[in-house]
There are 2 protein chains.
Amino acid sequence: MARAGLTPRVVVDVALDLVDERGADALTLAAVAKRAGVATPSLYKHIGGLADLRRMVATRVVEGLAQELNAAVLGLSGRDAVRALLRAYRSHVRSRPHRVRFLETAPTPDDPEASRAYRVAVDVMFAALRTYDLVEGERVRTTRLLRSMVHGFVVLEVAGGFGLPEDVDATFEELLDDAEALLDRRAPSTA
Amino acid sequence: MARAGLTPRVVVDVALDLVDERGADALTLAAVAKRAGVATPSLYKHIGGLADLRRMVATRVVEGLAQELNAAVLGLSGRDAVRALLRAYRSHVRSRPHRVRFLETAPTPDDPEASRAYRVAVDVMFAALRTYDLVEGERVRTTRLLRSMVHGFVVLEVAGGFGLPEDVDATFEELLDDAEALLDRRAPSTA
DNA sequence: TGTGTAAGCTAATAACATTAGCTTCGGCAT
DNA sequence: ATGCCGAAGCTAATGTTATTAGCTTACACA
């Protein structure tokens, strides 16, 4: 019989497809195995188990977000960079709403892969503030506040927490303005 | 044999204890039944199943939050009310971190109980802005932004998304200042 | 005191994760 | 070419959980 040719990476690919198509709760080893064309126990040759697979999926989700954020700010600086970053964060989550579950728990420190991916994502945001003239300690706190705003917004949005969908775009535009004002308050000198 | 005297309310109480003590993933019917002193199938006399129990738990979690928010703003108005509200939101979630999972999905419209609880919670926030002189459409959007900020912050905080814990308090104080500035931009006339 | 209903029970089924141990494909050295 | 051996796959078995069906009995109330 022809082998399926699985690798950890492929297993995670299949898992992500499953999550995107049928939601985070549909991520079971049985479903992944079926879709990959192998028996369930065969997956254990490539992953440590369901918890391990979830961890790897979360890592890939964060990596994907980081990449998209990074691409969004390329060549931009100042206000433009921040606005592009926040827009990219929202649009990425909206395009794959089921993945948001995997953005809701930070990696444990003993997971270097996941920690690295997470750090990269935060660093992109951090770097987008480089052109703002912030005092040292303010950079970290300001990054946290921007993350809180945009993360809270998209989490509530994809959860349907805003009621009627109309006008949510306008609310997000206001969020961008508020983010900018927040930065201006801290670095009024920046162009 | 003496009956256990269960009711839907008691089952949810037990479920909440379980969540608080052992985390949201530990919420299984088997565990609830054991703790309640009955056999697992007996729970079906009071709840519709696991999904139903989760729904009821989520409702109670939102009710609890709404109550605490409401208590926090009693007798306050303007800036004081908003600051107290946001502080209460954070402290409530921090005191029962495992419950946050149940704040991350909005109720479906066909669930009147849950929808009502959710609406009450949002209304408390909405009402806290009453003393601000906002134009009509701005009230809804402003409420959303405050919710996004504080919800995003506490979600990231309890998930451990902020790295080192020190200084998180200071970041939250900045969030309060930013929320105030955000309101001042929209209603500069308010005292 | 009798009776009906709701609260409890046991038994059975199905989905899933996980472990153990077997089989075989296919790359690689001879 | 051929034979070896490790990795990739398999089946079988176990344990946990949710759920349904159908039985029994406590207890409120007539």
Side-chain angles (χ1 to χ4, degrees), chain A residues 1-61 98 101-102 105 108 110-111 113-114, chain B residues 1-61 98 101-102 105 108 110-111 113-114:
Chain A
M1 58 193 73
R3 291 211 177 165
L6 292 186
T7 63
R9 166 158 283 272
V10 172
V11 174
V12 174
D13 287 340
V14 172
L16 281 169
D17 284 349
L18 204 50
V19 167
D20 288 337
E21 287 175 30
R22 302 206 262 132
D25 288 330
L27 180 56
T28 65
L29 293 186
V32 170
K34 186 171 186 179
R35 188 171 285 225
V38 298
T40 306
S42 304
L43 295 175
Y44 286 80
K45 297 293 177 180
H46 309 285
I47 62 174
L50 181 61
D52 188 45
L53 178 58
R54 289 214 184 99
R55 199 182 45 72
M56 289 191 284
V57 166
T59 303
R60 286 277 288 278
V61 166
H98 296 306
R101 171 101 49 106
F102 298 96
T105 53
T108 58
D110 61 294
D111 182 351
E113 282 278 312
Chain B
M1 57 192 73
R3 290 207 180 172
L6 291 186
T7 63
R9 165 159 285 272
V10 172
V11 174
V12 174
D13 287 340
V14 172
L16 282 169
D17 283 350
L18 204 49
V19 168
D20 288 337
E21 287 175 28
R22 300 207 263 133
D25 288 331
L27 179 57
T28 66
L29 293 186
V32 170
K34 186 171 186 180
R35 187 171 286 224
V38 298
T40 307
S42 304
L43 294 175
Y44 285 79
K45 297 292 178 181
H46 308 286
I47 62 174
L50 180 61
D52 189 45
L53 177 58
R54 289 214 184 99
R55 200 183 46 71
M56 289 192 285
V57 165
T59 302
R60 286 277 288 277
V61 167
H98 296 306
R101 172 98 50 105
F102 298 96
T105 55
T108 59
D110 61 292
D111 181 352
E113 281 279 313

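In the text below, chain A, chain B and the rest are named by the order of the sequence lines, each starting its count at 1.
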Please list, for nucleotides 3-5 of chain C, all pairs of protein and nucleotide N/O atoms separated by less than 3.5 Å.
none

Tell me: [atom1] of [X] to [atom2] of [N], nearest whole Å?
X       : N      : atom1 : atom2 : value
B:Arg54 : D:dT17 : CZ    : C1'   : 11 Å
B:Asp25 : D:dT17 : CG    : C1'   : 14 Å
B:Lys45 : D:dA18 : NZ    : P     : 18 Å
B:Leu43 : D:dT19 : CG    : C1'   : 12 Å

Check: protein-nucleotides 14-17 of chain C nitrogen or oxygen pairs below 3.5 Å:
{"from": "C:dA17", "atom 1": "OP1", "to": "A:Leu29", "atom 2": "N", "distance (Å)": "2.8"}
{"from": "C:dA17", "atom 1": "OP2", "to": "A:Leu29", "atom 2": "N", "distance (Å)": "3.0"}
{"from": "C:dA17", "atom 1": "OP2", "to": "A:Ala30", "atom 2": "N", "distance (Å)": "2.8"}

Among residues at least two apart in sequence or on other chains, which ones pass salt bridge (charged side-chain N to carboxylate O under 4.0 Å, His left out) with B:Arg35?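 Residues passing salt bridge (charged side-chain N to carboxylate O under 4.0 Å, His left out) with B:Arg35: B:Glu21.
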Under the rule for salt bridge (charged side-chain N to carboxylate O under 4.0 Å, His left out), what residues qualify as partners of A:Asp17, not counting sequence neighbours?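 None.
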Taking only distance into account, with no hydrogens and no angle test, what donor-acceptor pairs under 3.5 Å do side-chain atoms of residues 22-34 of chain B form with protein atoms, sequence neighbours excluded?
{"from": "B:Asp25", "atom 1": "OD1", "to": "B:Arg101", "atom 2": "NH1", "distance (Å)": "3.2"}
{"from": "B:Asp25", "atom 1": "OD1", "to": "B:Arg101", "atom 2": "NH2", "distance (Å)": "3.4"}
{"from": "B:Thr28", "atom 1": "OG1", "to": "B:Ala31", "atom 2": "N", "distance (Å)": "3.0"}

Out of B:Asp111, B:Asp110, B:Thr105, which residue meets the side chain to side chain donor-acceptor pair (under 3.5 Å) rule with B:Thr108?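 For B:Thr108, the side chain to side chain donor-acceptor pair (under 3.5 Å) check succeeds only for B:Asp110.
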Short side-chain N/O contact from A:His46 to OP1 or OP2 of D:dG9, under 4.0 Å: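 Answer is yes, contact under 4.0 Å.
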C:dC9 phosphate, OP1 or OP2: any side-chain N/O from B:Ser42 under 4.0 angstrom?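 Indeed, a polar side-chain atom of B:Ser42 lies that close.
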If you measure from CE on A:Met56 to CD on A:Glu113, what distance do you get to the nearest 0.5 Å?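 It is 10.0 Å, given to the nearest 0.5 Å.
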Mind listing the side-chain donor-acceptor pairs of residues 38-49 of chain A below 3.5 Å, one per line with the distance, residues two or more places apart or on another chain?
{"from": "A:Ser42", "atom 1": "OG", "to": "A:Ala39", "atom 2": "O", "distance (Å)": "3.3"}

Can you list, by residue number, the residues of residues 5-15 of chain A that have a non-hydrogen atom closer than 4.0 angstrom to DNA chain D?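 DNA chain D contact set from residues 5-15 of chain A: A:Gly5, A:Leu6.
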Listing request: all side-chain hydrogen bond (donor to acceptor under 3.5 Å, both in side chains) pairs with a residue in residues 6-15 of chain B, at least two apart in sequence or in separate chains.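 Residue pairs with at least one partner in residues 6-15 of chain B: B:Asp13-B:Arg60.
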